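Notes to accompany the following structure.
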Protein chains: 2
Amino acid sequence: MTACADTTLPLNDALARGWRAGFPPNPAAPVRPRERSIFQFPESRWAFSHLRELQPTRNVSRGSGPASPLARAERNDLDAVRFTPLEPGMPSTWADALAAVHADGVVVLHRGRIVQERYVGALREDGQHMAMSVTKSVVGTLGAMFAASGDLDPQAGVTHYLPELRDSAFGSATVRQVMDMTTSLDYSEDYAQADASVWRYARAGELLPRGPGYAGPEGFRQFLQTVPPRGTHGEGFAYCTVNTDVLGWLVSRVAGQPLAEVLSERIWRRLGAEQDAAFALDGQGAESAGGGLATGLRDLARLGEMMRLGGAFNGAQIVPEAVVADIRAGADPARFAHAGYTRLAGWSYRNMWWVAHDPHGTFTAQGIHGQLLHIDPAAEMVVARFASHPLAAHAHLPTAMPALRALAEFLS
Amino acid sequence: MTACADTTLPLNDALARGWRAGFPPNPAAPVRPRERSIFQFPESRWAFSHLRELQPTRNVSRGSGPASPLARAERNDLDAVRFTPLEPGMPSTWADALAAVHADGVVVLHRGRIVQERYVGALREDGQHMAMSVTKSVVGTLGAMFAASGDLDPQAGVTHYLPELRDSAFGSATVRQVMDMTTSLDYSEDYAQADASVWRYARAGELLPRGPGYAGPEGFRQFLQTVPPRGTHGEGFAYCTVNTDVLGWLVSRVAGQPLAEVLSERIWRRLGAEQDAAFALDGQGAESAGGGLATGLRDLARLGEMMRLGGAFNGAQIVPEAVVADIRAGADPARFAHAGYTRLAGWSYRNMWWVAHDPHGTFTAQGIHGQLLHIDPAAEMVVARFASHPLAAHAHLPTAMPALRALAEFLS
């Protein structure tokens with residue numbers, strides 16, 4: 001892992017605002033659908049808050065009921081909360097940490113009440129921000145729900161549901177190995193390497209421009225069929241986005257619905273979300289299950305609060321309590337250690353949630369540019385944060401942990 | 001104008017359902033973004049209800065408040081309402097007329113209460129359907145609102161606000177001529193002609209696939225700059241979509257916001273819409289003001305009810321009463337007669353609404369595939385209808401009028 005907090009690229013709010021205004025489009029720097037990477041800073045700062053303007057999406061309907069209420073008890077003393085950073089020289093107050101990660105917005109809930117809510121950059125309270133890999137935890141929760149209902153057998157082979165994957169690495173994997181990312185794949189997610197598999201994956205799904213003469217896989221699901229095995233499944237955790245795309249496909253297959261509709265029916269409508277969410281689609285109409293969800297920030301906070309409360313929210317048991325307990329219990333930290341995240345020692349990854357195995361019972365969803373849904377049951381705290389840090393790095397979570405722990409103590 | 005009711009293409013609901021399911025995508029008939037026309041039946045039947053899955057869109061936020069209530073008084077005797085059709089052999093009951101136009105959904109309000117609501121094809125109550133040229137009446141209403149507030153002077157030249165259009169036909173037109181479509185343009189909207197300007201327009205805006213080596217205008221607004229004049233403005237009504245794109249641009253310019261945000265702030269949020277709407281975007285990020293709005297059906301009905309009530313709805317005066325009165329008063333039928341719509345004799349087109357000048361005070365928004373927002377003030381009736389008739393034809397409105405009048409009498 002690479003530390004990211006030494007990055008000193010400018011926040012460039014002026015540029016973000018310029019694009020945000022969006023009219024007339026800036027001819028010098030148009031963010032054009034599928035012709036230009038939306039993942040590059042500073043374009044990303046605008047693009048992450050405007051997914052729908054850049055490419056096809058499938059709606060995650062909130063239904064037509066009232067939004068679930070979120071009480072407010074806002075306070076102005078959170079910004080100054082101090083902590084000892086992971087490394088000397090890194091930010092040491094809550095406000096500075098938010099700025100350093102290029103947060104586009106944050107909602108902090110304490111005992112279900114909003115104690116802090118802020119929007120910067122190109123995000124507004126009625127906008128939706130790309131959750132990136134926070135999406136994985138949402139899809140993992142859906143997978144665990146279908147496992148709990150018996151519709152999806154975690155011990156079954158993936159090909160029991162998806163014979164299409166027979167010739168890929170997933171042909172020999174179980175559903176559980178996919179759900180906990182203990183598959184062993186010849187697949188690299190090192191964003192720093194130009195030839196990493198993740199870029200080929202992104203071009204297949206048209207998240208990135210393909211360039212002329214493209215002859216690779218058409219869509220995420222065709223790409224999944226090409227992922228070769230490397231070693232033995234089940235031995236160690238290895239963070240690979242494609243596992244979530246397989247899980248999203250599995251969920252769709254057993255539900256008989258597009259993933260976006262499953263999410264709408266099983267969670268979004270019941271949560272009392274105040275906004276529809278959106279799923280990025282590949283050229284074949286498949287959702288980007290590994291990272292394509294965009295939501296409103298308060299809705300992300302509602303999702304976190306529901307998980308904090310054992311799956312019950314808005315007057316309904318939305319996620320079975322046993323599913324939340326299973327996530328909170330985590331997976332085997334020894335398997336997790338295989339991945340070499342030295343700053344997340346003792347953690348595990350279960351149903352696509354990061355589990356701290358700490359006294360607070362902390363579990364977390366995280367995105368590669370600093371997106372975060374952090375649940376601290378002991379402190380009765382939920383932090384939903386969108387961000388567009390210039391670096392795509394798993395280090396955002398470790399560097400955020402001291403701040404999150406200080407905030408939890410401050411609120412407790 | 002061509003009668004369309006003799007069209008006997010199959011309704012093909014099975015196909016629509018197949019695409020509707022959308023998972024797994026049908027490899028034999030993928031509806032791919034911007035590679036295939038979404039305007040061709042039967043693809044259109046799916047595509048019109050799934051705009052967001054096909055291309056970039058800008059959100060028209062409903063805000064986060066409660067949806068405005070729509071009372072229900074549903075009755076089952078509307079389907080059988082009989083009328084004398086425009087031509088012998090055409091449908092003669094309300095239900096048959098809905099089927100003949102390939103209605104995807106209908107909401108009939110009487111005195112503000114839902115007396116009929118139905119969804120067929122690929123539309124659901126939580127979906128959004130392309131309103132096509134019903135969009136024009138929405139944009140025309142916004143334009144009239146800015147005119148009423150003094151922000152947009154109808155007597156001013158278009159170039160007073162949009163100097164970019166100096167060298168086009170619009171360079172010599174007034175804002176009013178654009179608002180009432182009495183500009184004289186070298187522009188053909190005859191969908192039956194393969195070389196009609198409207199197709200060049202659609203390719204500029206990437207509503208249609210461009211084909212390799214495309215060298216035409218980039219985006220709607222660049223296209224507008226290329227429209228040549230033909231004759232003298234102000235003499236007669238001529239239905240040309242590009243007028244609405246100019247008006248949408250004017251509204252954006254004076255508001256200093258993207259059109260979608262103007263619509264959200266001025267109407268959608270205040271209406272108590274239950275769903276966000278969506279505006280199709282061209283490759284430059286400009287809304288398709290001439291036809292790119294997609295809305296929920298009940299929200300379209302709310303919009304109609306607001307107009308029926310003189311602009312007041314959901315506890316607020318949303319559109320100034322004088323603006324609604326101006327629309328209802330209509331424009332000069334003599335100018336309208338220039339267009340040769342023999343089946344709409346005595347009508348006019350004002351602020352992009354079709355005005356019947358009949359004893360009922362009827363005014364109407366219509367889309368080229370049978371979309372309709374019909375307001376009959378005397379009968380206290382509003383009909384919102386989405387459709388995907390195989391033929392793009394202005395004849396849908398005239399053929400619908402006998403049915404609408406019979407329904408109005410039946411309800412009165």
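As the structure is a computational prediction, the values presented were derived from the model and not from experiment. Both backbone and side-chain heavy atoms feed into the values below; hydrogens, waters and symmetry mates do not. Quick note on labels: first sequence line is chain A, next is B, and so on, each numbered from 1.
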Smallest separation among heavy atoms of B:Arg298 and A:Ser64, with atom names: NH2-OG, 4.3 Å
Residues, nucleotides or ligands: over 12 heavy atoms within 6.0 Å of B:Arg270 CZ: yes
Pick from B:Asp126, B:Thr57, B:Asp276, B:Leu259 with the largest number of heavy-atom pairs that fall under 4.5 Å of chain A: B:Thr57
Side chain to side chain contact (heavy atoms under 4.5 Å, CB included) between A:Asn59 and B:Glu53, worked out: CA-CA 8 Å; A:Asn59 205 44; B:Glu53 300 185 24; over 6 Å; no
Under 4.5 Å from any heavy atom of chain B - which part of A:Glu125: neither
Close side-chain approach of A:Arg62 to B:Arg62, heavy-atom, < 4.5 Å: yes
A:Arg52 vs B:Arg52, side chain to side chain contact (heavy atoms under 4.5 Å, CB included): CA-CA, chis, key distance, verdict: CA-CA 8 Å; A:Arg52 280 187 146 146; B:Arg52 281 187 146 147; 3.4 Å; yes
Side chain / backbone / both / neither for A:Ser61 at chain B, heavy atoms under 4.5 Å: side chain
